[in-house]
Amino acid sequence: MSRPENSLGNTLRAWRARITTEDVGLPATRRRRTAGLRREELASLAGISTDYLLRLEQGRALRPSRDVVASLARALRLSTNETCHFHLVAGLLPPTPQNIPHQLPPGVQRLVSRWGNIPVGVFSASWTLLTWTSMWAALLGDPSLRPPEERNLVRAVFKKPSDAGHPLFLMEQSTTEFKAALVADLRITHGAYPHDEEFRVLMGEAMSESEEFRALWSTPALGSRLGGHKRLQHPLVGEISLDNDVLKVPDHDVRIVTYTAEPGTTDEEKLEYLRIAAARTAPPAPPLSLSPTPPTPPRD
């Protein structure tokens, strides 16, 4: 019997019960009295003794080592958040990831491939653009024309004035509100990946080049208020007003950024025009312009 306050043991048993032999590549057996893996199966997968796993589940062993917790987390196929919770109930600090992930999860790849009619860009936690739709390129300029190191929102927003003119992100992102929200999100990234060398270099560049970044970084604001309603100035269709949403994928720590227009509006018509224009021409759509006087939108 486990003790009533045995949160570690209760958590272990619950996770063991939800894993099947098929999940971990073990041969299935016909008769099982309980759902999930047997205790000896999980112990073998994690490289620990069955007796020690029994003591953990019964609350007779309360302080497993970090290596044991990591091995059990891998064997149980735990998500990032579950692994952090497992460390906490085991009395350990959650593991600190070394590097910001820059891989696209398959689910996100499938979503982007199906959203070809929508301007969609996927960013890492350091706000490096990882992939984009053709409509993103039509609206904001083709990122493939830029070297990878320039496909970063932080560098685009906080460059020195002499370096301004980045075609990928020229929108209402010069506002103080947007910059404050971006820096607040970067502060969370800094806390989650304190050992990422590329991110450290990126923050060092922003600190040395931008007084505004230094001032915002010194403000202890957390959270992300990115997104909202954006008005863009495009050389083909003039002013266009779009809803900008930022969706986070926590386990993989990527941000999906979308631009959509309200149905039945001239803004929707302008997006459709850009889609058709991008489909008809081999070169990418011209980069976004900050001209204060929008050209007249095309007419039928």
Side-chain angles (χ1 to χ4, degrees), residues 104-124 127-146 150-153 156-157 164-182 185 224-249 254-300:
L104 286 175
V108 172
Q109 289 179 329
R110 288 190 290 269
L111 283 174
V112 173
S113 69
R114 286 163 173 76
W115 285 347
N117 291 339
I118 301 174
V120 177
V122 182
F123 293 80
S124 70
W127 285 96
T128 295
L129 186 62
L130 305 177
T131 190
W132 57 90
T133 62
S134 58
M135 276 298 293
W136 178 279
L139 181 68
L140 302 173
D142 188 356
S144 66
L145 301 179
R146 290 273 169 172
E150 291 188 14
R151 300 174 198 164
N152 181 273
L153 186 58
V157 170
H166 200 294
L168 298 181
F169 312 105
L170 297 179
M171 51 195 81
E172 287 191 342
Q173 294 177 175
S174 59
T175 65
T176 301
E177 182 181 3
F178 173 84
K179 291 179 179 179
L182 176 60
D185 190 69
S224 178
R225 300 178 299 279
L226 294 161
H229 200 68
K230 304 291 184 182
R231 291 195 305 166
L232 285 67
Q233 193 68 37
H234 196 281
L236 286 182
V237 298
E239 183 177 296
I240 181 170
S241 185
L242 301 171
D243 289 319
N244 173 218
D245 292 287
V246 180
L247 314 174
K248 290 190 177 182
V249 184
V254 297
R255 289 98 167 100
I256 303 173
V257 180
T258 66
Y259 289 91
T260 56
E262 184 178 350
T265 63
T266 57
D267 298 308
E268 185 182 42
E269 294 175 0
K270 291 175 181 180
L271 266 188
E272 177 63 12
Y273 177 84
L274 289 178
R275 185 190 68 78
I276 295 172
R280 287 178 177 173
T281 58
L288 200 63
S289 167
L290 289 184
S291 171
T293 304
T296 305
R299 297 179 179 177
D300 294 333

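For reference, positions follow the sequence shown, starting with 1.
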**Q.** Arg255 side chain to Trp127 backbone, donor-acceptor under 3.5 Å
**A.** no

Q.
Checking the side chain of Arg275 only, and the main-chain atoms of Asn117 only, is there a donor and an acceptor separated by less than 3.5 Å?
A. no

Q: Decide, yes or no, whether a salt bridge links Asp185 with Lys248 under the criterion of side-chain N to carboxylate O below 4.0 Å.
A: yes

**Q.** Salt-bridge present (Asp243, Lys230; N to O < 4.0 Å)
**A.** no

In Å and rounded to the nearest 0.5 Å, what is the [atom1] to [atom2] distance from [X] to [Y]?
| X | Y | atom1 | atom2 | result |
| --- | --- | --- | --- | --- |
| Thr128 | Glu150 | OG1 | CD | 12.0 Å |
| Glu268 | Glu262 | CD | CD | 9.0 Å |
| Leu226 | Glu177 | CG | CD | 10.0 Å |
| Leu139 | Ile118 | CG | CD1 | 12.5 Å |
| Lys270 | Leu232 | NZ | CG | 11.0 Å |

Q: Answer with yes or no whether the side chains of Ser241 and Asp267 bring together a donor and an acceptor at under 3.5 Å.
A: no

Q. Do Trp136 and Asp142 have side-chain N/O donor and acceptor atoms under 3.5 Å apart?
A.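 No, because no side-chain N or O of Trp136 sits under 3.5 Å from a partner of the opposite role on Asp142.
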
Do [X] and [Y] have side-chain heavy atoms sitting under 4.5 Å apart?
| X | Y | value |
| --- | --- | --- |
| Ile240 | Tyr273 | no |
| Leu274 | Val237 | yes |
| Asn152 | Ser124 | no |
| Trp132 | Leu130 | no |
| Leu153 | Leu129 | no |
| Met135 | Leu271 | yes |
| Thr258 | Ile256 | yes |
| Leu242 | Thr260 | no |

(Q) Apply side chain to side chain contact (heavy atoms under 4.5 Å, CB included) to residues Tyr259 and Asp245 and explain how you reach the verdict. (A) CA-CA 7 Å; Tyr259 289 91; Asp245 292 287; over 6 Å; no

**Q.** Least distance between heavy atoms, Ser134 atom then Gly116 atom
**A.**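 Taking Ser134 first and Gly116 second, the nearest heavy atoms are OG-O, 3.9 Å.
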
Q. Please walk me through it: do Leu182 and Lys179 pass side chain to side chain contact (heavy atoms under 4.5 Å, CB included)?
A. CA-CA 5 Å; Leu182 176 60; Lys179 291 179 179 179; 5.6 Å; no

